[in-house]
Amino acid sequence: MTVRTRFAPSPTGYLHIGGARTALFCWLYARRHGGTFVLRIEDTDRERSTEASVQVILDAMEWLQMQPDEEPVYQTDRFDRYGEIIEQLLAQDKAYPCYCSRERLDQLREQQQAAGIKPRYDGHCRGGSRPVDGVTPVIRFASPLSGEVLVEDLVHGRTVFTNDELDDLIIRRSDGHPTYNFTVVVDDIDMEITHVIRGDDHLNNTPRQINIYHALGATPPQFAHLPMILGSDGSRLSKRHGAVNVLEYRDQGFLADALLNYLVRLGWSHGDQEVFSRKEMVALFDLADVNKAASRFNDEKLTWLNQQYIKHGDPDELGAQLVPFLQALGFDSASGPDPADIVRVQHDRVATLAEMAEASRFIYESFDEFDPKAAKKHLRPVIREALADVRARLADLADWTADEINAAIHASAESLELKMGKVAQPIRVAVTGGPVSPSIDGTVYLVGRETAVARLDRALAFIDARSAAER
RNA sequence: GCUCCCUUCGUCUAGCGGUUAGGACAUCGCCCUCUCAAGGCGGGAACACGGGUUCGAGUCCCGUAGGGAGCGCCA
């Protein structure tokens, strides 16, 4: 039996972090076992489902590079099929029409809650009921009245539910649309899903679904219920915890691989290993190593991982990904150095691509004035000779490479018997306007010869004006 | 309220009856150093509680507490 897993989001918004983790585990499990991963769009709630969010989910899956192996299945395309199965259940007396009004149901629920018992349908119409004029009945599944259901879960082990806890759930609304607990079962049977991997908020639905499998004469698939991902404060993940939308992470400069690496470690582990390439994840992932307890989302660790991926990633690939972030700040990346070179210089001093772009501002933009504090400290007459010497050497440099620049600055410092610390910081202030930038050779290199020389001249003029004023 | 699930450092986790309870993020200190970082070294920090079972429990069982989920003509 070849493994088939599915990820089944409902298109009522964006793909959130929890959904992405579920998708990842489904995808990994299928990959690991040479199986198939498919996507099912659960859009039966026509009130809330939109095509726009279908697209957003697809975009997120693509960004994460977890594309399904087959065309996505849309539940709205399958209404005829659901209708067919409902008719079949009706004919077999495994389902029945219910004319109970919402008012009666609400009242019933209130009474039960007041009595301290679990609210559930009382089976009023189960034995057959008189049609009510002008009312289209809902269809309810005739759930077993006694006995119990065993859920053999791949992560939780065995859980027992007694059927008297379960009521006759609605499988078709009065508007003719089928409902979730019914459609999942029909779809998972028709799609030949072998492993249902989903959040453990569905664990309580599982016995109902198993009963439907049995009513349909089908063998239930294997189940694996994943622990939830909570917000940093331990409550359910929501907007107030910051970004929960996967695409927001992309826009903030996180790498897809880093996000996946972070997510895979939420609820799964392989000994002490923290960093996993996609290949490693696929090779090592196993549901047996999935944890049962919920975890909290921790931005700091994600950030650290992202930094690792930036630091060790391929400069050309990262450079290509950096371009949109440069453009977002209004920088014309074509007018500057090779983005891959920016990555090489910046990669171990930033955690996100957005930060890298921001930290590269000095390459593309001039500055109005030198940072006053930095200029006061570093652009002083005593350093004028050194800056002039560096300027001359840079202007004459045969090859404009970081190594050559480094050699030139060192040579200059040595000839004037200055320590690097004495000369590097003034150059930094001269070239960037401020006291913070990458290593001095990389900084000068990225700015380019023309700009570097011009800015050194500007600094020399600044020093001259300053000594004139002090005289 | 009822049902189900869960419980190791602040956080993510390793542990699958005998461990000085390990790693990672974060944090603190030191080193390195042209700024900022990165890096190196080191420190502090956990088995929720109470009963059992056992020669021996973080590991098994039962309670308690706490957290989560479900109880819709949402998915």
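Only heavy atoms go into these numbers, but all of them, side chains included; no hydrogens, no water, no symmetry mates. Throughout, protein chains are lettered first and strands after them, A, B, ... in sequence-line order, and every chain is numbered starting at 1. Quick caveat, the model's predicted, so the values are computed rather than measured.
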If only side-chain N and O atoms of A:His202 are considered, is one of them under 4.0 Å from the OP1 or OP2 phosphate oxygen of B:A69?
no
Applying a 4.0 Å non-hydrogen cut-off, can you work out what A:Arg102 is touching in the nucleic acid: base, sugar-phosphate, or nothing?
base
Would you say the side chains of A:Asp168 and A:Tyr96 form a donor-acceptor pair under 3.5 Å?
yes
Roughly how many Å apart are B:A38 and B:C25, using the P atom of each and rounding to a whole number?
11 Å
To the nearest angstrom, the CG-C1' distance between A:Asn181 and B:C71 comes to 12 Å
Please determine if A:Arg21 forms a cation-pi arrangement with A:Phe25, meaning its NZ or CZ atom is less than 6.0 Å from the six-membered ring centre and no more than 45° off the ring axis.
yes
Take a 6.0 Å sphere around CZ of A:Arg449 and say whether it holds more than 12 heavy atoms from other residues, nucleotides or ligands.
yes
Please give the nucleotide sitting opposite B:U54 as a Watson-Crick or G-U wobble pair, both distances under 3.5 Å, or none.
none
Between atom CD of A:Glu51 and atom CD1 of A:Ile41, what is the distance when rounded to the nearest 0.5 Å?
11.5 Å
Give me the distance, rounded to whole Å, that separates B:C5 from B:C16 when you measure between the P atoms they each carry.
25 Å
For B:U27, give its Watson-Crick or G-U wobble partner with both distances under 3.5 Å, or none.
B:G43
For B:G67, does either OP1 or OP2 sit under 4.0 Å from a side-chain N or O belonging to A:Ser235?
no
Using a strict cut-off of less than 4.0 Å between a Lys/Arg side-chain nitrogen and an Asp/Glu carboxylate oxygen, indicate whether A:Arg40 and A:Asp188 qualify as a salt bridge.
yes
With a 3.5 Å cut-off and no angle check, do the side chains of A:Ser360 and A:Gln346 form a donor-acceptor pair?
yes
Identify whether any heavy atom of A:Glu42 sits under 4.0 Å from a base atom; if not, whether one sits that close to sugar-phosphate; answer base, sugar-phosphate or nothing.
sugar-phosphate
B:G22 base / A:Asp272 side chain donor-acceptor hit below 3.5 Å:
yes
Would you measure the distance from the C1' atom in B:G68 across to the matching atom in B:G51 and give it in whole Å?
26 Å
Ignoring hydrogens and angles, answer whether the base of B:G23 and the side-chain atoms of A:Glu274 contain a donor-acceptor pair closer than 3.5 Å.
yes
Derivation of the salt bridge (Lys or Arg N to Asp or Glu O under 4.0 Å) call for A:Arg278 and A:Glu280:
CA-CA 5 Å; A:Arg278 270 169 195 271; A:Glu280 286 177 304; over 6 Å; no
From the candidates B:C34, B:U13, B:A69, the one with an atom nearest any side-chain atom of A:Asn406 is B:C34
Can you list every side-chain hydrogen bond (donor to acceptor under 3.5 Å, both in side chains) pair that touches residues 139-151 of chain A, not counting sequence neighbours?
none
For A:Asp122, is there an ion pair with A:Arg109 - N to carboxylate O distance below 4.0 angstrom?
no
In short, salt bridge (charged side-chain N to carboxylate O under 4.0 Å, His left out) pairs touching residues 293-302 of chain A with sequence neighbours left out are A:Glu274-A:Lys301
Side chain of A:Met228 only, please: which of B:C6, B:A69, B:U13 is the nearest?
B:A69
What integer number of Å spans the P atoms of B:C47 and B:A21?
12 Å
A:Phe161 CZ to B:C5 P: how many Å, rounded?
6 Å
Rounded to whole angstrom, note down the C1' distance from B:C49 over to B:C12.
24 Å
Starting at the 5' end of RNA chain B, which residue's closest nucleotide do you reach first, A:Ala424 or A:Ser174?
A:Ala424
Rounded distance [0.5 Å steps], CZ in A:Arg81 versus CD1 in A:Ile189
8.0 Å
Describe, in one word, how the ring planes of A:Phe370 and A:Phe367 are oriented to each other, choosing from parallel (under 30°), tilted (30 to 60°) and perpendicular (over 60°).
tilted
Integer-rounded Å distance: B:G10 C1' and A:Asp233 CG:
13 Å
Could you list by number each residue of residues 163-172 of chain A showing a heavy-atom separation from RNA chain B of less than 4.0 Å, or answer none if no residue does?
A:Glu165, A:Ile170
Using the P atoms only, state how far B:U13 lies from B:A75, rounded to an integer number of Å.
30 Å
Distance, P atom - from B:C4 to B:U54, rounded to whole angstrom
29 Å
Under the salt bridge (Lys or Arg N to Asp or Glu O under 4.0 Å) criterion, do A:Asp106 and A:Arg102 qualify, and how do the steps go?
CA-CA 6 Å; A:Asp106 288 344; A:Arg102 294 183 201 239; over 6 Å; no
Its contact letters, B for base, S for sugar-phosphate only and - for none at protein heavy atoms under 4.0 Å, make nucleotides 38-50 of chain B read SS-----------
Within residues 253-270 of chain A, which residues have any heavy atom lying less than 4.0 Å from an atom of RNA chain B?
A:Arg265, A:Leu266, A:Gly267, A:Ser269
Compute the centroid of each ring, for A:Tyr180 and then for A:His202, and state whether the two points are separated by less than 6.0 Å.
yes
Is A:Arg48 near enough to B:A75 that one of its side-chain N or O atoms lies under 4.0 angstrom from OP1 or OP2?
no
I'd like to know if A:Asp348 pairs up with A:Lys311 as an ion pair, taking the criterion as any Lys NZ or Arg NE/NH1/NH2 lying under 4.0 Å from an Asp or Glu carboxylate oxygen.
no
Which base, if any, makes a Watson-Crick or G-U wobble pair with B:U35, both distances under 3.5 Å?
none
Base-pairing assignment for B:C2 (Watson-Crick or G-U wobble, both under 3.5 Å)
B:G70
With rounding to the closest Å, how many angstrom separate the C1' atoms on B:G43 and B:C61?
39 Å
Expected list for residues 426-441 of chain A near RNA chain B, using heavy atoms below 4.0 Å, is A:Arg428, A:Pro435, A:Val436, A:Ser437, A:Pro438, A:Ser439, A:Ile440
Parallel, tilted or perpendicular for A:Trp268 and A:Phe285, by the 30°/60° rule?
tilted
Under 4.0 Å between a side-chain N/O of A:Asn298 and OP1 or OP2 of B:G10, yes or no?
no
If we call it a pair only when both distances are under 3.5 Å in a Watson-Crick or G-U wobble match, what pairs with B:U7?
B:A65
